[in-house]
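Report on the structure given below.
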Number of protein chains: 2
Amino acid sequence: MDAPRWLSAEQLRAWIRLEAVVELLPAVLDSQLQRDAALTHFEYLVLAKLSESPDRVLRMTALAATTNSTLPRLSHVVSRLEARGYVERLPCPGDRRATNAHLTDAGWEKVVATAPGHVDTVRSHVIDLLTEEQVTQLDDIMAALLQKLDPENTLRVLP
Amino acid sequence: MDAPRWLSAEQLRAWIRLEAVVELLPAVLDSQLQRDAALTHFEYLVLAKLSESPDRVLRMTALAATTNSTLPRLSHVVSRLEARGYVERLPCPGDRRATNAHLTDAGWEKVVATAPGHVDTVRSHVIDLLTEEQVTQLDDIMAALLQKLDPENTLRVLP
DNA sequence: GGGGCATGGTTGTCCCGACAAGTGCTTAGG
DNA sequence: CCTAAGCACTTGTCGGGACAACCATGCCCC
């Protein structure tokens, strides 16, 4: 094996901190949503993405893509959300292999009720801690990382 | 409920990207380590932190702190690592409630063998994708977030 | 128009992490 | 002292996610 290019002190520090954030942030999001809405962060994400879609419908594959997820994982989650009445599965008219996930009225109201608290958490734990300039920097940096993590750019970020 | 302060388009974009990275990055780290060393990212972190400590020993509480973890979680992981011969538990001389985790020689060699591949992954998926300036920005931004996520600053970052 | 292959989704199993109790030690208070 | 409160873990149970195997439909193309 060839000698590994080690990290400089500066790089190491940035990495350790990113590591810590990546570890701790999901826990905060999950616990707030769990406490206030009995939802996983991922479950909330599914509902939220559906609520933003035309007719509140999305194909499973598309939904998996926008939520950075795999199909098996999504399928399980949709089953749970279906059991709670927030989502229903409909056959896709065009393609009989496909399934459409549809946000029910109850699901819509769940999102409406849950979103403010979630946004507050995001603000207080991320956005409000940064300057306007830092938000821009963060966006650029994450975009650079995503180019590697998600080359297909499945989650089409809004303009 | 009062009107939630919504996010601007810029802020939302940055948040969605950070969300995606936080979701996808752990999977990359885990799968590389799993494939090359049959270790979880968290297991590797435990071994790595021990390897950096004097005498390769750390109290469970201290180890939990530097790995951004909880004591129950750590206890389970140490049990697994102990079963594989990488770590051993020793009674703490000063306080008979406490337990010291000690990295064995086998554990040390495991870290030495595993570190280069891990560093390569960190480089290729994070550090090398950013300019020097961006690394500094990232460090500052993550430091700001950690002040909220981890007020005690348990993980004492090196100079 | 029928093999062969890709696509879209579901189901089943295993393992890791969260959470909640429980045990033994230590310290403080009267 | 001796009891009560607090600390440092450990253990047990439960739920969610990864992965692999599986079915069904669509597409090709000869």
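Proteins come first, then strands; the chains are lettered A, B, ... in the order of their sequence lines, and each starts at number 1. Predicted, not measured: the structure shown is a model, and the values here were computed from it.
The distance from atom OH of A:Tyr44 to atom C1' of D:dG16 is 20 Å, rounded to the nearest whole Å. Separating the CE atom of B:Met60 from the C1' atom of D:dT10 is a distance of 9 Å, rounded to the nearest angstrom. If you take CG of A:Leu90 and P of C:dT10, they are 12 Å apart, rounded to a whole angstrom. For the pair B:Leu63 CG and D:dA8 P, the interatomic distance rounds to 14 Å; values are reported in whole Å. Counting to the nearest Å, the C1' atom of C:dG8 and the CZ atom of A:Arg89 are 12 Å from each other. When the P atom of D:dG17 is taken as reference, atom CG of A:Leu45 falls 12 Å away, rounded to whole Å. Between B:Leu71 atom CG and D:dG12 atom C1' there is a gap of 16 Å when expressed in whole angstrom units. When rounded to the nearest whole Å, the span between CG of B:Leu33 and C1' of D:dA18 equals 16 Å.
The backbone N or O of A:Ala48 lies less than 3.5 Å from a partner atom in the side chain of A:Ser51, making a donor-acceptor pair. A donor-acceptor contact shorter than 3.5 Å links the side chain of A:Ser53 to the backbone of A:Lys49. Counting only distance, with no hydrogens or angles, the side chain of A:Ser8 and the backbone of A:Gln11 share a donor-acceptor pair below 3.5 Å.
Within 6.0 Å of CD in B:Gln34 there are more than 12 heavy atoms belonging to other residues, nucleotides or ligands.
Checked for salt-bridge contact, A:Glu19 and A:Arg13 miss the test: no charged N lies under 4.0 Å from a carboxylate O. A salt bridge does not link A:Asp140 with B:Arg17: none of the charged nitrogens is closer than 4.0 Å to a carboxylate oxygen.
With rounding to the nearest 0.5 Å, the separation of CZ in A:Phe42 from NE2 in A:His76 is 11.5 Å.
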Write down the protein N/O and nucleotide N/O pairs, taken from nucleotides 17-19 of chain C, whose separation is under 3.5 Å; answer none if there are no such pairs.
{"residue": "C:dG17", "atom": "OP1", "partner": "B:Arg73", "partner atom": "NH2", "Å": "3.1"}
{"residue": "C:dG17", "atom": "OP2", "partner": "B:Arg80", "partner atom": "NH2", "Å": "3.0"}

Below 3.5 Å is the cut-off: list the nitrogen or oxygen pairs between protein and nucleotides 24-29 of chain C, distance only.
{"residue": "C:dT26", "atom": "OP1", "partner": "B:Arg96", "partner atom": "N", "Å": "3.3"}

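Between C:dT11 and A:Ser75, no contact under 4.0 Å exists linking OP1 or OP2 to a side-chain N or O.
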### Task
Show the numbers, then the answer: is there a side-chain contact (heavy atoms from CB on, under 4.5 Å) between A:Leu145 and B:Leu130?
CA-CA 8 Å; A:Leu145 303 191; B:Leu130 304 176; 4.2 Å; yes

### Query
Is there a side-chain contact (heavy atoms from CB on, under 4.5 Å) between B:Asp139 and B:Val135 once you walk through the steps?
CA-CA 6 Å; B:Asp139 187 35; B:Val135 172; 5.7 Å; no

